[in-house]
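Report on the structure given below.
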Amino acid sequence: MNQDSSEALFCYIHPNRETLLRCNKCDKPICTECAILTPTGYRCKECVRSHQKKFETAQWLDYPLAIGIAGAASFFGSYISSFLGFFTLLIAPVIGVIIAEIVRAITKKRRAKLLFQLTTAATVLGSLPLLVSKLINLLLILGTGNLAGGFLGLLPIIWQGLYTFLVASTVYYRLSGIKIN
Ligand SMILES: [Zn+2]
Ligand SMILES: [Zn+2]
């Protein structure tokens, strides 16, 4: 419909406000307060919201499933890597990819920023029990005044800490679709 451009427009939410702006999606007149500047131009709040919803497709069941699987798999992975020493650095990103792919399969690739963040948090949490137990172990050794033993106890903690970092960052980047290299 071609409207006379000289005709005064009024915001569809605030009918007493005259405006020159229209939402570039639904074409409704919007005042400066109701307009949101998007990469494609000004849009009304309704259109911006429905646009975001399209990309947030996760269902409520996806959350407990993703969290449970990521936590359990991360714990299992930290147990395996506690035998691997230096090779933890090679295996941790692989475990991260496996966790991300299982989560993607189980949630049928549905997306939501919060889902990715909670899955990553669960991955960190799942790796913590072994890290914490090794920390306690180190403190006990140091408590006996055995500095050499304490030094030896430090390495497993470094590997375990790197495991947490590598596995969690891989899961997050893989899920949110950001490529690292
Ligand atoms: Zn609109
Ligand atoms: Zn308005």
Side-chain angles (χ1 to χ4, degrees), residues 1-78 89 91-129 131 161-181:
M1 270 210 301
N2 273 329
Q3 267 183 323
D4 188 351
S5 59
S6 66
E7 192 190 326
L9 298 173
F10 293 92
C11 172
Y12 83 103
I13 288 171
H14 307 95
N16 57 338
R17 290 190 195 164
E18 209 175 319
T19 180
L20 296 169
L21 290 173
R22 280 175 184 279
C23 170
N24 74 356
K25 181 123 191 288
C26 66
D27 222 29
K28 280 194 280 240
I30 37 176
C31 71
T32 47
E33 193 193 313
C34 296
I36 295 168
L37 183 60
T38 72
T40 52
Y42 285 104
R43 292 216 167 153
C44 71
K45 284 174 184 161
E46 254 175 87
C47 287
V48 168
R49 225 174 284 136
S50 68
H51 184 73
Q52 280 169 345
K53 258 199 206 126
K54 238 190 287 173
F55 291 96
E56 303 261 309
T57 52
Q59 296 166 4
W60 73 267
L61 194 59
D62 294 340
Y63 290 85
L65 280 175
I67 289 166
I69 286 162
S74 175
F75 175 76
F76 184 65
S78 73
L89 302 188
I91 214 78
V94 177
I95 293 170
V97 168
I98 293 172
I99 292 174
E101 289 308 313
I102 296 174
V103 166
R104 270 155 60 95
I106 260 176
T107 59
K108 301 201 168 61
K109 293 187 183 169
R110 287 187 287 265
R111 309 175 54 86
K113 203 172 176 200
L114 183 64
L115 178 67
F116 301 157
Q117 288 166 343
L118 288 175
T119 304
T120 306
T123 306
V124 172
L125 274 179
S127 73
L128 286 185
L131 182 62
L162 284 170
Y163 169 84
T164 301
F165 173 76
L166 286 171
V167 90
S169 56
T170 307
V171 164
Y172 185 73
Y173 287 125
R174 185 100 185 166
L175 282 179
S176 57
I178 307 164
K179 295 276 183 302
I180 303 174
N181 46 7

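FYI, the numbering just counts along the sequence from 1. Being a predicted model, the structure only gives us computed values, none of them experimental. We use all heavy atoms of the structure for the numbers below, so side chains are in, but hydrogens, waters and symmetry mates are not. Counting starts at 1 for both ligands and their atoms, in listed order.
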Ignoring water, what protein N, O or S atoms are under 2.8 Å from the Zn ion (ligand 2)?
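Only C11 SG, H14 ND1, C31 SG, C34 SG fall inside 2.8 Å of the Zn ion (ligand 2).
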- Roughly, to 10 degrees, what angle do C26 atom SG and C47 atom SG form around the Zn ion (ligand 1)?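 Nearest ten degrees: 110°.
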- Item | Those residues that, when tested against R17, pass side chain to side chain donor-acceptor pair (under 3.5 Å) (two or more places apart) |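 Once residues adjacent in sequence are excluded, the partners of R17 under the side chain to side chain donor-acceptor pair (under 3.5 Å) criterion are E33.
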Qualifying residues under side chain to side chain donor-acceptor pair (under 3.5 Å), relative to S50, sequence neighbours excluded =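 None.
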* Asked: Looking only at heavy atoms, which two atoms of V167 and S74 are closest? And how far apart?
  ->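 So the minimum-distance heavy-atom pair works out to CG1-OG, 4.2 Å.
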If you look only at distance, which donor and acceptor atoms sit under 3.5 Å apart when one is on a side chain in residues 115-126 and the other is two or more places apart or in another chain?
{"residue": "T119", "atom": "OG1", "partner": "L115", "partner atom": "O", "Å": "2.6"}
{"residue": "T120", "atom": "OG1", "partner": "F116", "partner atom": "O", "Å": "2.7"}
{"residue": "T123", "atom": "OG1", "partner": "T119", "partner atom": "O", "Å": "2.8"}

Does a sphere of radius 6.0 Å around OH in Y42 hold more than 12 heavy atoms from other residues, nucleotides or ligands, not counting ones at 6.0 Å or beyond?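 No - once you tally the heavy atoms of other residues, nucleotides and ligands closer than 6.0 Å, there are 12 at most.
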Could you check whether K25 pairs with E46 (Lys NZ or Arg NE/NH1/NH2 to Asp/Glu carboxylate O, under 4.0 Å)?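 A salt bridge is absent here (no side-chain N lies under 4.0 Å from a carboxylate O).
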